[in-house]
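Notes for the one structure printed next.
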2 protein chains.
Amino acid sequence: MQGREIDIHGLDPIIHERVRLAILVLLSETESLDYNSLKKVLKITDGNLVSHLRKLEDNGLISVKKSFVGRRPRTTYSITEEGRQRLSEYLKNLKQLISGVE
Amino acid sequence: MQGREIDIHGLDPIIHERVRLAILVLLSETESLDYNSLKKVLKITDGNLVSHLRKLEDNGLISVKKSFVGRRPRTTYSITEEGRQRLSEYLKNLKQLISGVE
DNA sequence: CAATATACTTTGTAACACAAAGTAGGAGGT
DNA sequence: ACCTCCTACTTTGTGTTACAAAGTATATTG
């Protein structure tokens, strides 16, 4: 217990939020995902999804590309290099925290 | 990506908070911890710590015992059986979410 | 008697998550 | 021409939250 290292401040609050963590994980696994795919997978409301995406974008963790498929708009999200690194750092700290439970 | 199962709602919001998660992990590793040990390990303010402990207690995840050592008060915290189970369930879902990154 | 320790409570603030409803601009159907 | 649907939002609102700072009661130590 005294030898146990606990660093909650290593858990980036921008990343440590359920929806945003899920988005980053999803984006880290694929090249990119569009808005509707994210909405379907995450099962959350539009307002909710958009605000989390905006926060991730504002923090430089994801990038956004707007295009058209036929005449329909498509917004596509990708994780940035910085996002990948910060996610990795977050996961390192998270795993250290939860390692040894059970 | 379409086969990927993502269930953010399986991540209990009571547990999914940095300080509370850390407290539960710490308590799951030892018999019990007193207030001051928690404060030292977590490096947070009193008000902050107390409020998180209260929330965990109110939700039945930890139990609280008050005693005296000499004439000094000592408050001791333990994880409950329910807390252990809910932490375990939370961790199962969390690990599933972050598995496969990198 | 002053300072320190324990374990809080009170007060305040700024941020946050989330839902519900509304919007624009085009597509497709009748 | 009209209506509904789709995408990707924005706006508005509500209730909760995390957190810090400061104060408190009780007791011990210097």
Side-chain angles (χ1 to χ4, degrees), chain A residues 6-24 26-27 32-59 61-78 90 94 97, chain B residues 6-24 26-27 32-59 61-78 90 94 97:
Chain A
I6 293 281
D7 180 20
I8 42 177
H9 307 290
L11 297 180
D12 189 339
I14 298 298
I15 297 179
H16 187 78
E17 193 286 329
R18 302 180 304 165
V19 176
R20 292 195 295 265
L21 177 58
I23 291 171
L24 287 178
L26 283 168
L27 290 181
S32 62
L33 284 171
D34 60 36
Y35 181 84
N36 253 358
S37 302
L38 284 171
K39 194 179 157 191
K40 263 168 213 151
V41 174
L42 298 172
K43 296 185 189 102
I44 55 177
T45 58
D46 285 305
N48 198 359
L49 176 54
V50 167
S51 69
H52 285 303
L53 288 169
R54 166 110 358 111
K55 177 155 289 193
L56 288 171
E57 189 191 0
D58 289 348
N59 281 270
L61 301 176
I62 66 171
S63 65
V64 183
K65 214 171 275 180
K66 283 161 189 289
S67 59
F68 283 87
V69 175
R71 297 290 171 79
R72 290 198 173 165
R74 169 169 296 176
T75 310
T76 311
Y77 303 91
S78 309
Y90 166 85
L94 180 65
L97 172 63
Chain B
I6 293 280
D7 180 20
I8 43 176
H9 307 290
L11 297 180
D12 189 338
I14 299 296
I15 297 179
H16 187 79
E17 191 287 328
R18 302 181 303 164
V19 176
R20 293 196 293 267
L21 177 58
I23 292 172
L24 287 177
L26 283 167
L27 291 180
S32 62
L33 284 170
D34 60 34
Y35 181 84
N36 253 359
S37 303
L38 284 171
K39 194 180 156 190
K40 263 168 213 150
V41 175
L42 298 172
K43 297 186 188 98
I44 55 176
T45 58
D46 285 303
N48 198 357
L49 176 54
V50 167
S51 68
H52 286 303
L53 287 168
R54 166 111 357 112
K55 177 154 287 192
L56 288 171
E57 189 191 359
D58 290 348
N59 281 269
L61 301 176
I62 65 172
S63 65
V64 183
K65 214 172 275 180
K66 283 160 188 290
S67 59
F68 283 88
V69 176
R71 298 288 172 80
R72 291 200 171 165
R74 168 169 298 175
T75 310
T76 311
Y77 303 90
S78 309
Y90 166 84
L94 180 65
L97 173 63

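Here is how names work: the chains are called A, B, and so on, in the same order as the sequence lines, proteins then strands, and each is numbered from 1.
To the nearest 0.5 Å, atoms CG (B:Leu56) and CG (B:Leu24) are separated by 5.0 Å. The distance from the NZ atom of B:Lys55 to the CD1 atom of B:Ile23 is 12.0 Å, given to the nearest 0.5 Å. Rounding to the nearest 0.5 Å places CG of B:Asn59 at 9.0 Å from CD1 of B:Ile15. B:Leu61 contributes atom CG, which lies 12.5 Å from atom OH of B:Tyr90 (distance to the nearest 0.5 angstrom). Separation of atoms CD1 (B:Ile62) and CZ (B:Arg20) is listed at 10.5 Å; rounding is to 0.5 Å. The line from CG of A:Leu53 to CG of A:Leu38 is 6.0 Å long, rounded to the nearest 0.5 Å.
Considering only the side chain of A:Asn36, D:dT7 comes nearest among D:dA27, D:dT7, C:dG26. Side chain of A:Arg54, nearest nucleotide from D:dC9, D:dT28, C:dC8: D:dC9. Of the listed nucleotides (C:dA7, D:dC6, C:dA5), D:dC6 has the atom at the smallest distance from the side chain of A:Arg72.
When all heavy atoms are compared, the tightest approach of B:Ala22 to A:Ile6 is CB-CG2, 4.0 Å.
When the P atom of D:dT7 is taken as reference, atom CG of A:Leu33 falls 15 Å away, rounded to whole Å. Atom pair B:Phe68:CZ and C:dT6:C1' shows a separation of 10 Å (rounding to whole Å applied). Here C:dA17 presents its C1' atom at 13 Å from CD1 of A:Ile23, a figure rounded to the nearest Å. B:Leu11 has its CG atom 15 Å from the C1' atom of C:dA17, to the nearest Å. Whole-Å rounding puts the A:Ile14 CD1 to C:dA17 C1' distance at 13 Å. The nearest whole Å value for the distance from the CD1 atom in A:Ile15 to the P atom in C:dA17 is 13 Å. Rounded to a whole Å, the NZ atom of A:Lys66 is 13 Å from the C1' atom of C:dA24. Taking atom CG of A:Leu49 as the reference point, atom C1' of D:dA8 lies 10 Å away to the nearest angstrom.
One finds a side-chain N or O of A:Arg71 lying less than 4.0 angstrom from the OP1 or OP2 phosphate oxygen of C:dA27. Between B:Tyr77 and C:dC8 there is a side-chain N or O to OP1 or OP2 distance below 4.0 Å.
Checked against side-chain hydrogen bond (donor to acceptor under 3.5 Å, both in side chains), B:Asp46 has the following partners two or more places apart in sequence or in another chain: B:Tyr35, B:Lys39.
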Quick one: which protein N/O atoms are closer than 3.5 Å to N/O atoms of nucleotides 18-25 of chain D? Pair and distance per line, please.
residue	atom	partner	partner atom	Å
D:dA18	OP1	B:Arg20	NH1	3.2
D:dA18	OP1	B:Arg20	NH2	3.0
D:dA18	OP2	B:Arg20	NH1	3.2
D:dC19	OP1	B:Arg18	NH2	2.8
D:dC19	OP2	B:Glu17	OE2	3.4
D:dC19	OP2	B:His52	NE2	3.2
D:dC19	O5'	B:Asn48	ND2	3.4
D:dA20	OP2	B:Thr45	OG1	3.1
D:dA20	OP2	B:Asn48	ND2	3.4

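Here B:Lys39 lies out of heavy-atom contact (under 4.0 Å) with every strand.
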### Query
Are B:Leu42 and B:Leu26 close enough, and set up right, to give a side-chain contact (heavy atoms from CB on, under 4.5 Å), and what steps lead you there?
CA-CA 10 Å; B:Leu42 298 172; B:Leu26 283 167; 4.1 Å; yes

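Each end of the helix from C:dC1-D:dG30 to C:dT30-D:dA1 gets its own axis, taken as the rotation carrying the C1' atoms of four end pairs onto the next four within a five-pair window, and the two axes meet at 10° to the nearest 10 degrees.
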